[in-house]
Number of protein chains: 2
Amino acid sequence: MHAGSEPLDGIFQALADPTRRAILARLGGGPAAVGELAQPFDMALPSFMKHIAALEQSGLIRTEKSGRVRTCTLERATFALVDGWLGEQRRLWAGRTDRLEAFVTRDIT
Amino acid sequence: MHAGSEPLDGIFQALADPTRRAILARLGGGPAAVGELAQPFDMALPSFMKHIAALEQSGLIRTEKSGRVRTCTLERATFALVDGWLGEQRRLWAGRTDRLEAFVTRDIT
DNA sequence: TTGATAGTTAGCCGACCGGCAAAGTGTTGG
DNA sequence: CCAACACTTTGCCGGTCGGCTAACTATCAA
């Protein structure tokens, strides 16, 4: 039934966790190894790796193993999908002029 | 740092479901009653109501009951929180100039 | 007042999520 | 060769999620 909407499912699901958002924020400053990323979190490694896996599966990061170290890199292009969805929503709002819109747009713009 | 990152948890969680995103898209065209919103979905009403509840709890919609009809309205201001998070991420990327950025920004801008 | 309408409440179910510990794999350094 | 290191695999656990049915409440229309 819902063919084609799946990528956003995984992306939003991945973003719905503070640990994973923190990982993304850290990776915003540049690539890092799993162990290095894990340090700030009081969590066993296997648990942490599940977060990494969720981020990778959703396409928000890319990882590559060199020797015994796995390095994680932000996949910026994927963020554009979220941006695109937001933009599409706003496009749907366009033209509607409720009292509400007058209020909201005045505050934002 | 960010004392209140919990709202984003609920928001992204709510967005991570195609049914709920479809509801939001429909509400983009203006407020609607629960029954009216539910029609396109092959789903029992109690199940559907859980989606409505998730959207309301996350702040993405507001609902009001008048008589026996509950009307749902998009809460546009909440979308700005998502936008704000995305913006903050991009701010973290700023200044870093990987090969990747050259590729991505060419496509986006 | 009776019946249809529009949600709501309650309870059940299987699947998935986020955490753990224990033990295994494969590099690297000495 | 051996030990330390950096994950990885396995298997378990309780809780939440998304769906259902059945039964209930509260309007509105006739």
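Just so it is clear, the values below take in all heavy atoms, side chains as well, and ignore hydrogens, waters and symmetry mates.
Side-chain proximity of A:M43 to C:dG19, D:dG19, D:dT8: nearest is C:dG19. Checking D:dT8, D:dT21, C:dG19 against the side-chain heavy atoms of A:K65 singles out D:dT8 as nearest. Comparing C:dG7, D:dT27, D:dG18 against the side chain of B:V34 picks out C:dG7 as the nearest.
Along DNA chain C, the nucleotide nearest B:K50 and the nucleotide nearest B:A33 are compared for position; the residue whose nucleotide lies closer to the 5' end is B:A33. In terms of position along DNA chain D, the nucleotide closest to A:V69 lies nearer the 5' end than the nucleotide closest to the other residue of the pair A:Q13 and A:V69.
Phosphate contact (OP1/OP2 of C:dG19, side-chain N/O of A:H51, threshold under 4.0 Å): present. For A:R68 and D:dT8, the shortest distance from a side-chain N or O to OP1 or OP2 is not below 4.0 Å. When the side-chain nitrogen and oxygen atoms of A:S47 are compared with OP1 and OP2 of C:dC20, one or more of them lie within a distance under 4.0 Å. For the OP1/OP2 pair of D:dT8 and a distance below 4.0 Å, the side-chain nitrogens and oxygens of A:R70 include at least one atom meeting the criterion.
Interatomic distance, B:L55 CG to B:I23 CD1, rounded to the nearest 0.5 Å: 5.5 Å. Atom-to-atom distance recorded for A:R62:CZ and A:T78:OG1 is 9.5 Å, nearest 0.5 angstrom. A distance of 7.5 Å separates CD1 in B:I61 from CG in B:L37, rounded to the nearest 0.5 Å.
Protein atom CD of A:E36 is 15 Å distant from nucleotide atom C1' of D:dC5, rounded to whole Å. The nearest whole Å value for the distance from the CZ atom in A:F48 to the P atom in D:dT9 is 16 Å. When rounded to the nearest whole Å, the span between CD of A:E64 and P of D:dC7 equals 14 Å. When the C1' atom of D:dG18 is taken as reference, atom CD1 of B:I23 falls 13 Å away, rounded to whole Å. Across the protein-nucleic acid pair, A:Q39 atom CD and D:dC7 atom P stand 11 Å apart, rounded to whole Å. Taking atom CE of A:M49 as the reference point, atom C1' of C:dC17 lies 17 Å away to the nearest angstrom. When rounded to the nearest whole Å, the span between CD1 of A:I52 and C1' of D:dT9 equals 17 Å. Taking atom CZ of residue A:F41 and atom P of nucleotide C:dG18, one finds them 14 Å apart after rounding to whole Å.
As judged by a 4.0 angstrom heavy-atom cut-off over every strand, A:A44 is placed among residues touching the sugar-phosphate backbone only.
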> Would B:L24 and A:W85 count as a side-chain contact (heavy atoms from CB on, under 4.5 Å) if you check the C-alpha gap in whole Å, the side-chain angles of each, and the deciding distance to 0.1 Å?
Replying inline: CA-CA 11 Å; B:L24 292 177; A:W85 180 82; 4.1 Å; yes
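Side chains of B:E56 and B:T63: a donor-acceptor N/O pair is present below 3.5 angstrom, by distance only.
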